[in-house]
Amino acid sequence: MYKMFLSLGAVFAALSVALGAFGAHGLKKIVPAESVATFQTGVQYQFYHAIGLFLAGILFSQFPGQWMVRSGYCFLIGIILFSGSLYLLTFLHDTESVGLRRLGIITPFGGLFFIAGWLMMLMAIMSKK
């Protein structure tokens, strides 16, 4: 399990750097400034929680169990829901697609998964005897 979290952390961190560079250079030519800010928020939180995935993988050796596994899965789901929805909102805003408001409701659920991931990591640490 820990190897999967370490691998996913590396993949999501690398994607954060690539997406951040795209947001800083290429995206500004395509979408308005407020959309670039939304995109950058997604990149930031993706990077923070890629580090969370690394931590879950590394800490699993010291604090094995379901709490740490759930923590890693929460970070993974949070990245997909939170950052993924912000990326989609940015590109749908550019195409002026309908349904933006409905998609925006997903983002807070991703944030809740991020919070749950950190709390589950805390539970894993505190529950070790």
Side-chain angles (χ1 to χ4, degrees):
M1 188 58 58
Y2 70 92
K3 198 171 184 180
M4 181 185 75
F5 292 149
L6 293 171
S7 299
L8 287 171
V11 168
F12 280 118
L15 279 172
S16 295
V17 174
L19 290 170
F22 170 69
H25 302 291
L27 192 60
K28 289 180 180 180
K29 300 172 188 172
I30 303 170
V31 298
E34 75 239 14
S35 292
V36 173
T38 298
F39 187 85
Q40 286 301 106
T41 299
V43 171
Q44 280 181 300
Y45 277 79
Q46 178 176 322
F47 192 76
Y48 299 152
H49 292 88
I51 293 170
L53 280 168
F54 276 123
L55 284 172
I58 292 167
L59 291 174
F60 186 80
S61 64
Q62 291 295 315
F63 305 98
Q66 287 303 306
W67 286 115
M68 195 61 72
V69 171
R70 290 177 187 141
S71 173
Y73 279 121
C74 281
F75 292 144
L76 177 62
I77 293 167
I79 289 170
I80 292 166
L81 294 179
F82 186 90
S83 297
S85 67
L86 292 180
Y87 300 148
L88 281 173
L89 280 169
T90 299
F91 290 110
L92 289 176
H93 185 266
D94 178 48
T95 61
E96 298 179 11
S97 297
V98 290
L100 288 177
R101 294 193 202 295
R102 287 187 211 136
L103 181 60
I105 195 72
I106 295 171
T107 309
F109 288 106
L112 290 174
F113 274 97
F114 287 153
I115 294 166
W118 292 112
L119 292 175
M120 288 183 193
M121 186 176 285
L122 173 65
M123 290 300 296
I125 293 166
M126 298 302 289
S127 64
K128 184 174 181 182
K129 297 177 184 185

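- Atom CG in L86 sits 10.5 Å away from atom CD1 in I106 (nearest 0.5 Å).
- Rounding to the nearest 0.5 Å gives a distance of 12.5 Å between OH of Y87 and CG of L89.
- To the nearest 0.5 Å, the span separating CD1 on I125 from CE on M120 amounts to 14.0 Å.
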_Set out, in order, the CA-CA distance, both residues' side-chain angles and the distance that settles side-chain contact (heavy atoms from CB on, under 4.5 Å) for F109 and L112, then state yes or no._
CA-CA 5 Å; F109 288 106; L112 290 174; 4.3 Å; yes
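- Heavy atoms of other residues, nucleotides or ligands lying less than 6.0 angstrom from NZ of K28 number 12 at most.
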- Task: Mind running side-chain contact (heavy atoms from CB on, under 4.5 Å) on H49 and L53 for me, showing each step along the way?
- Result: CA-CA 6 Å; H49 292 88; L53 280 168; over 6 Å; no
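- For the atom pair Q44 CD and F39 CZ, the distance stands at 12.0 Å (nearest 0.5 Å).
- Hydrophobic cluster membership is shared by W118 and Y48, with clusters built from Ile, Leu, Val, Met, Phe, Trp and Tyr side chains linked at under 4.5 angstrom.
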If you look only at distance, which donor and acceptor atoms sit under 3.5 Å apart when one is on a side chain in residues 55-78 and the other is two or more places apart or in another chain?
residue: S61; atom: OG; partner: I58; partner atom: O; Å: 3.0
residue: S71; atom: OG; partner: G117; partner atom: O; Å: 2.8

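- Residues M123 and L119 fall into different hydrophobic clusters, defined by Ile, Leu, Val, Met, Phe, Trp and Tyr side chains chained together at heavy-atom separations under 4.5 Å.
- By the side chain to side chain donor-acceptor pair (under 3.5 Å) test, S85 pairs with T107, sequence neighbours left out.
- Contact detail for I79 and F114: the closest heavy-atom pair is N-CE2, 3.3 Å.
- In this structure, Y45 and F82 have tilted ring planes: the angle between them lies in the 30° to 60° band.
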I'd like a table of donor-acceptor pairs (distance under 3.5 Å, sequence neighbours excluded) in which one partner is a side-chain atom from residues 1-18, with atom names and distances.
residue: S7; atom: OG; partner: K3; partner atom: O; Å: 2.9
residue: S16; atom: OG; partner: F12; partner atom: O; Å: 2.8
residue: S16; atom: OG; partner: Q46; partner atom: NE2; Å: 3.3
residue: S16; atom: OG; partner: F47; partner atom: N; Å: 3.3

